[in-house]
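In what follows, a structure is listed as structure tokens, so that the remarks can point back to it.
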Amino acid sequence: MHQQAHYDHVRTIFAILQGEREADLLLRNLNILDVHSESVHQGSLLVYGQRIIALDPDESIVKVREVFDGEGLYAIPGLIDAHLHFDAQLAHPAAFGEAIVPSGTTTIFAETLDFASAAGDEAIEAARALFLGHDELPYRIYAFAPGKKTSVEVTEAMLQMEPVIGLGELAHLSYMTGNDDDFRKSALGRANGGFVNCHWGVTALPDLLLNYMPAIGAHNNHDVWNEEDIEKSIRHGFHTQIKFGVGSPEVIKTMLRAIVKRRWPAENFQLCADNISVDRVLTKGHIDWVISLAVEMGISPIQAIKMGTLYAARSFGMDHEFGSLAPGRYADIVLTDSLSKINPRYVFKGGELVAKDRKLLKTVDLDYSGMVKEPRPGLADLTPEQLDLVPIEISPDGTQAKVLLFDVYGRGHLKFSQEIWLPYQDGTVVPEADGVRLSRISVVQRYADGERNVVNGVFKGVSMDSGAVSTFWPAPVAYFVVVGTDSAEMHANLKQLDTYVGGCIVTRDRQVKAALPLDIYGVMADMSLTELVDATRSIDAAMEELGHRNEGEPVVNKLLTLFISLDRFGFMTGGCCAGA
């Protein structure tokens with residue numbers, strides 16, 4: 001904004017408050033939560049140019065184009081997700097908004113690393129396409145250039161884009177090894193004056209190395225799982241983000257209980273999903289849900305709300321823009337009938353009503369079909385025998401075989417993969433432990449330059465009596481995961497999914513029973529929210545017919561979480577990304 005525009009703006013605000021010019025909106029009959037004084041007062045909010053310009057204006061003189069009756073509801077700031085893998089939710093930006101905005105979320109701080117990695121050589125062009133029209137979305141997005149999974153050149157280019165404000169999470173373990181790309185990316189983040197997100201990895205790093213990230217200026221840490229992690233994080237000066245979208249539902253409760261038990265000041269914390277399915281948002285909620293859960297765990301309602309509003313905004317130095325209902329801030333407002341159990345009746349972004357009673361009102365006409373890619377199969381020479389479960393070791397008496405066990409909820413601790421002994425009969429491993437039948441799993445490299453990397457084991461978390469289910473994820477390298485009971489069925493399933501850009505399919509007797517195509521670089525569906533949810537639920541329904549009883553996240557999202565740990569612990573090697 002040039003000096004003349006600033007001059008015109010301040011003159012206009014003065015004229016509106018004097019009753020000489022017209023404001024855009026007056027929200028009346030509110031119980032306004034003042035997060036600064038931690039009090040509630042009856043009043044009204046005056047909005048002009050997307051921002052609040054007055055508390056309790058003199059209604060006898062102000063002129064407004066529109067008046068909104070707040071029905072005596074509580075007005076709280078729009079909710080903020082402080083760390084979200086924007087590109088790993090399978091929904092494109094407009095469809096994602098359909099899920100989160102009705103829950104009261106008006107701002108997200110978003111990672112883009114998987115999308116950029118999946119796009120390969122097209123990463124810079126793809127990122128521009130992803131962000132195109134972001135200001136038209138019914139929520140605000142502040143993004144981060146990849147701190148891992150892409151080249152330094154891609155990171156540098158994305159740091160110059162809107163709405164990128166800093167460097168995303170650095171590689172979880174490679175910065176322990178003195179990787180020069182990590183140094184260069186960190187330097188770029190610092191040189192651009194932006195934020196550096198930290199995937200700290202308390203559960204995997206020795207204490208000495210925990211000092212490195214804050215010492216180089218890393219700003220926040222979302223990789224906490226328990227009381228000890230949280231204590232170390234806040235002691236090292238991090239803005240500590242409490243995540244609720246990953247792993248077991250007990251994880252978030254454990255962390256919230258620890259905050260209450262230790263009486264840590266709530267100002268240390270922000271709330272984030274990290275990874276969460278749109279189906280989970282629709283059925284349980286987003287930041288609204290975890291605020292309500294925090295209250296149940298013993299955190300005061302106003303402090304819980306501040307963790308999801310003011311403290312998140314303040315951690316990124318943006319509390320002058322949003323995070324409270326004060327003059328000068330964006331009119332991002334949620335009207336709820338309770339402070340202890342958030343129920344977003346009305347959601348405003350910049351003074352525009354965008355959602356009512358958990359339904360999105362503002363439709364966004366953004367076309368993402370230009371990012372849809374053509375499939376590039378890579379499994380032409382794969383054989384069923386490559387998926388056979390071969391023992392790592394056979395016991396001296398020949399009755400037991402040692403194999404790998406993978407755990408779908410293994411992230412956050414080092415039990416993601418373990419070697420276990422299973423029965424061995426007639427030259428075949430019996431996938432059964434402690435009387436529980438286990439499915440088999442194969443991790444399969446899509447594009448092999450020479451010998452294809454295939455890792456076979458048993459799997460805890462998704463169980464099947466027959467058939468197979470597979471998923472594909474292209475970042476940082478292109479790999480499939482297939483779960484089933486029989487090598488031939490698993491092989492046929494993979495060959496089917498190999499005809500897609502990416503996605504998830506369920507088969508039985510080599511016939512596709514349900515499919516979710518991810519045609520946008522293999523990580524996003526070119527679908528509306530309704531279409532995407534229908535597809536993920538069809539996967540669950542097909543799995544139920546095959547004997548699986550799912551709880552929590554949809555099966556496709558559960559399986560996709562595996563790829564982070566598979567990469568973290570070195571099971572995915574070689575190859576290239578789908579867009580390369």
Side-chain angles (χ1 to χ4, degrees), residues 83-93 96 110-131 143-161 164 166-175 179-182 184-186 188-189 196-197 199 274-275 368 371-373 375-376 378 411 443-449 453 471-481 500-503 518-525 557 559-580:
H83 180 87
L84 176 71
H85 285 262
F86 173 65
D87 50 359
Q89 318 309 313
L90 313 185
H92 59 57
F96 193 53
E111 294 281 354
T112 59
L113 55 95
D114 285 302
F115 180 86
S117 177
D121 292 341
E122 300 175 13
I124 297 171
E125 173 190 343
R128 291 196 180 101
L130 180 71
F131 296 142
F144 298 92
K148 59 184 179 184
K149 296 189 180 182
T150 63
S151 69
V152 175
E153 291 70 27
V154 167
T155 297
E156 185 171 20
M158 288 183 62
L159 279 167
Q160 308 307 315
M161 297 181 189
V164 175
L167 183 69
E169 60 188 39
L170 296 175
H172 185 256
L173 297 178
S174 69
Y175 58 74
N179 182 292
D180 192 58
D181 279 0
D182 289 337
R184 292 170 65 193
K185 289 175 182 177
S186 299
L188 283 168
V196 178
N197 287 350
H199 202 281
D274 197 11
N275 286 288
Y368 300 97
M371 294 189 289
V372 169
K373 309 308 293 182
R376 190 162 70 87
R411 257 191 308 165
V443 180
V444 181
Q445 183 182 7
R446 188 171 195 175
Y447 306 114
D449 183 12
N453 185 39
T471 55
F472 170 75
W473 196 248
V477 287
Y479 266 79
F480 296 95
V481 161
Y500 291 58
V501 178
L518 298 176
D519 294 329
I520 299 177
Y521 290 105
V523 298
M524 288 180 181
N557 295 88
L559 292 174
L560 287 169
T561 63
L562 285 169
F563 288 92
I564 294 175
S565 291
L566 288 168
D567 174 45
R568 178 181 298 180
F569 296 114
F571 290 101
M572 302 194 308
T573 60
C576 63
C577 55

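Among all heavy-atom pairs drawn from Phe131 and Thr112, the shortest one is CZ-CG2, 3.8 Å. Between Asp114 and Asp87, the closest heavy-atom pair is N-OD2, 2.8 Å. Closest approach of Phe563 to Thr471, counting heavy atoms only: CE1-OG1, 3.4 Å. Across every non-hydrogen atom of Pro476 and Ser117, the tightest pair is CA-OG, 3.3 Å. The minimum heavy-atom distance linking Leu167 with Gly189 is given by the pair CB-CA, 4.1 Å. The heavy-atom pair separating Ser186 from Leu170 by the smallest distance is OG-CD1, 3.3 Å.
Of the possible donor and acceptor atoms, none in the side chain of Asp519 sits under 3.5 Å from a partner among the backbone N and O of Val372. Put simply, the side chain of Glu111 gets close to the backbone of Glu169: a donor and an acceptor are under 3.5 Å apart. Side-chain atoms of Thr155 come within 3.5 Å of backbone N or O of Pro146 as a donor-acceptor pair.
For the atom pair OG1 of Thr150 and CD1 of Ile124, the computed distance is 9.5 Å after rounding to the nearest 0.5 Å. Taking CG from Asp274 and CD1 from Ile564, the interatomic distance works out to 7.0 Å, rounded to the nearest 0.5 Å. Interatomic distance, CG of Leu518 versus CG of Leu560, reported as 7.5 Å (0.5 Å rounding). Remark: Leu90 CG to Asn557 CG distance equals 5.5 Å, nearest 0.5 Å. Between the CZ atom of Phe571 and the CD atom of Gln445 there is a distance of 15.0 Å, given to the nearest 0.5 Å. Atom NZ of Lys185 sits about 8.0 Å away from atom CG of Asn179, to the nearest 0.5 Å.
Using modelled atom types, one finds a donor on one side chain and an acceptor on the other under 3.5 Å when comparing Asn453 with Tyr479.
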*Trp473 and Val523: side-chain contact (heavy atoms from CB on, under 4.5 Å), yes or no, with the steps?*
CA-CA 7 Å; Trp473 196 248; Val523 298; 3.5 Å; yes
*Under the side-chain contact (heavy atoms from CB on, under 4.5 Å) criterion, do Val481 and Leu566 qualify, and how do the steps go?*
CA-CA 10 Å; Val481 161; Leu566 288 168; 3.6 Å; yes
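A heavy-atom distance below 4.5 Å is found between the side chains of Gln89 and Asn275. When side chains are defined from C-beta on, Arg446 does not count as touching Pro474, because their heavy atoms never get closer than 4.5 Å.
Between Phe86 and Phe96, the ring planes are perpendicular. Angles over 60° get that label, and only those under 30° would be called parallel. Below 30°, between 30° and 60°, or above 60°: for Phe115 and Tyr521 the angle between ring planes is above 60°, a perpendicular geometry.
For the side-chain contact (heavy atoms from CB on, under 4.5 Å) test, residues two or more places apart in sequence or in another chain that qualify with Glu153 are Ser151, Arg184. Taking the ring pair (Phe, Tyr, Trp, His ring centres under 6.0 Å) definition, one finds that Tyr500 meets it with nothing, sequence neighbours left out.
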